[in-house]
Amino acid sequence: MTVQHMRTSISRLLDHDRRHGPEQVADASLALWRKHAHTTGSVSKQRLATEAELAQVAGWLLFHADRQEEAHSALLEAAHLARLAGEPGFRAFVLDLLSMHAVETGNVGAALAFADEVLSGPRTPPRLHVMAHVRKARAYAIVGEEGRAMREIDQAKVNVLDSVAETDPDWSRWIDLSQVTTHETEVLARVGHADEALERLVGTVSAADTPRRRLTSLVAAFGAAARLTAWRDVENTTAEIAVLLPQTSFALPVARFRRMARVVDRSTAPVSLKRLVRHVAGGKADSVMISHDGRGSR
């Protein structure tokens, strides 16, 4: 397959993802990567760079389809190919995604190491410096280091105001203040400020303009409410999630919901609420009835 054909295939994968979601295209991206991203012998740097992009796209789609082991393998290959291609900026982008993956899977050491490599790398686009500080904040928040987490988020907010430029690569333009603010909310929920995070997330849910964004925001609100032991809010968000689940197939937010549902199941929540959450997390969302008799109040 020529470089142009590979680029056309990448464009089609991304277009299909936008229209149908990563779950519907993950297998195709994996097959394409495995077929074409393992070149042997002497090849041009242009082809190596294209193969790196193909592996990165596969890793991105597999990550969002919650196929984390396969995503990790694809992203490691993308970083390797980007180095061989002499593309330090794109390699930094892949390292950021590896840090993102490590945060998602709870590997704090790897998340920090990849983020530090982004910060110290040559010719790294400034917007990636922003995300490196965000990834470090998320990693520190996992282990409850509030001071370090908030310092990293504050640095990201300062940097993002100075990082936007017309010359930024296309693959970095999604990094803006709204991205930083979204991650700041997740950090707040982790480091003892779940009440502030929940207040923010209520607005985020209302503003969500797609089912995927709404589900992602609802799951984040569910987690913040659970950390607060705000059982009425847990009940209400569970009811809204139950409405969305039959309409969507977004694997990553569903996986996050199920992880947090296990936390609720081990908590002091009312037995009826535990049963409800377990029911929805098990995929039985079609017959959910929510009572509002006050038993689940905060």
Side-chain angles (χ1 to χ4, degrees), residues 1-39 43-82 85 87 89-98 100-101 104 125 127-128 131 164 166-176 178-179 182 204 207-219 244-256:
M1 182 181 284
T2 67
V3 166
Q4 185 55 50
H5 283 149
M6 290 173 69
R7 291 197 177 281
T8 299
S9 296
I10 290 170
S11 295
R12 287 174 177 167
L13 286 173
L14 293 174
D15 179 63
H16 198 78
D17 169 47
R18 283 188 290 270
R19 288 186 287 116
H20 303 290
E23 298 79 13
Q24 306 303 317
V25 74
D27 283 335
S29 71
L30 184 62
L32 195 63
W33 164 53
R34 286 176 171 169
K35 182 176 181 180
H36 299 292
H38 298 279
T39 301
V43 297
S44 69
K45 288 193 173 183
Q46 182 187 29
R47 183 175 180 92
L48 285 170
T50 305
E51 291 180 356
E53 185 179 357
L54 176 57
Q56 175 268 311
V57 168
W60 171 266
L61 294 171
L62 289 162
F63 172 84
H64 286 281
D66 196 42
R67 294 166 59 170
Q68 301 304 341
E69 288 188 14
E70 293 164 307
H72 187 243
S73 296
L75 291 171
L76 285 175
E77 179 72 5
H80 171 67
L81 290 166
E87 294 284 350
F90 188 74
R91 182 172 182 272
F93 173 47
V94 178
L95 292 174
D96 171 69
L97 297 183
L98 281 162
M100 171 191 73
H101 176 274
E104 185 69 30
R127 293 198 203 209
L128 290 183
M131 286 311 296
V164 176
E166 291 298 323
T167 56
D168 288 340
D170 288 344
W171 40 258
S172 74
R173 295 192 180 191
W174 57 275
I175 301 169
D176 56 19
S178 68
Q179 279 288 325
T182 297
T204 304
D209 56 356
T210 67
R212 185 186 302 190
R213 288 176 181 169
R214 184 172 177 81
L215 180 60
T216 299
S217 297
L218 280 168
V219 168
L244 276 179
L245 286 184
Q247 308 170 26
T248 63
S249 59
F250 305 136
L252 190 58
V254 171
R256 291 170 178 168

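Just so you know, these numbers use all the heavy atoms, side chains as well, and skip hydrogens, waters and symmetry mates.
The side-chain contact (heavy atoms from CB on, under 4.5 Å) test applied to S73 returns W33, not counting sequence neighbours. Remark: F90 pairs with F93, W171 by the ring-ring contact (aromatic ring centres under 6.0 Å, His included) rule, at least two apart or across chains.
Side chains of T2 and H5: a donor on one and an acceptor on the other come within 3.5 Å.
For the pair P125 and P169, the tightest heavy-atom approach, listed with the atom from each and the gap, is CG-CG, 4.1 Å. Of all heavy-atom pairs between A26 and A65, the closest is CB-CB, 4.0 Å. Heavy atoms only, all atoms of each residue included: L128 and G89 are closest at CD1-O, 3.8 Å. Of all heavy-atom pairs between A85 and A49, the closest is CB-N, 3.6 Å.
Distance check: L62 CG to L75 CG gives 8.5 Å after rounding to the nearest 0.5 Å. T204 OG1 to R214 CZ: the interatomic distance, rounded to the nearest 0.5 Å, is 11.5 Å. To the nearest 0.5 Å, atoms CG (L218) and CZ (R256) are separated by 13.5 Å. Summarising the geometry, atom NZ belonging to K35 is positioned 11.0 Å from atom CE belonging to M6; distances are rounded to the nearest 0.5 Å. Note that OG1 of T216 is 9.0 Å distant from NE2 of H64, once rounded to the nearest 0.5 Å. Summarising the geometry, atom CZ belonging to R91 is positioned 14.0 Å from atom CD belonging to Q56; distances are rounded to the nearest 0.5 Å.
Classification of R127 and D96 as a salt-bridged pair fails, no side-chain N sitting under 4.0 Å from a carboxylate O. R7 and E53 are joined by a salt bridge, as a carboxylate oxygen and a charged side-chain nitrogen come within less than 4.0 angstrom of each other.
Enclosure of atom CD in Q247 by more than 12 non-hydrogen atoms of other residues, nucleotides or ligands within 6.0 angstrom is indicated. With a 6.0 Å radius and a threshold of 12 heavy atoms from other residues, nucleotides or ligands, R173 has its CZ atom above the threshold. Counting heavy atoms of neighbouring residues, nucleotides and ligands inside a 6.0 Å radius, atom CZ of R213 does not exceed 12 of them.
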Apply salt bridge (charged side-chain N to carboxylate O under 4.0 Å, His left out) to the pair R12 and D17, showing each step before the final yes or no.
-> CA-CA 8 Å; R12 287 174 177 167; D17 169 47; over 6 Å; no

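Aromatic ring pairs are classed by plane angle as parallel below 30°, tilted from 30° to 60° and perpendicular above 60°; the pair W174 and W60 is tilted.
Although no hydrogens or angles enter the test, the distance criterion places a donor-acceptor pair under 3.5 Å between the side chain of H101 and the main chain of Q68.
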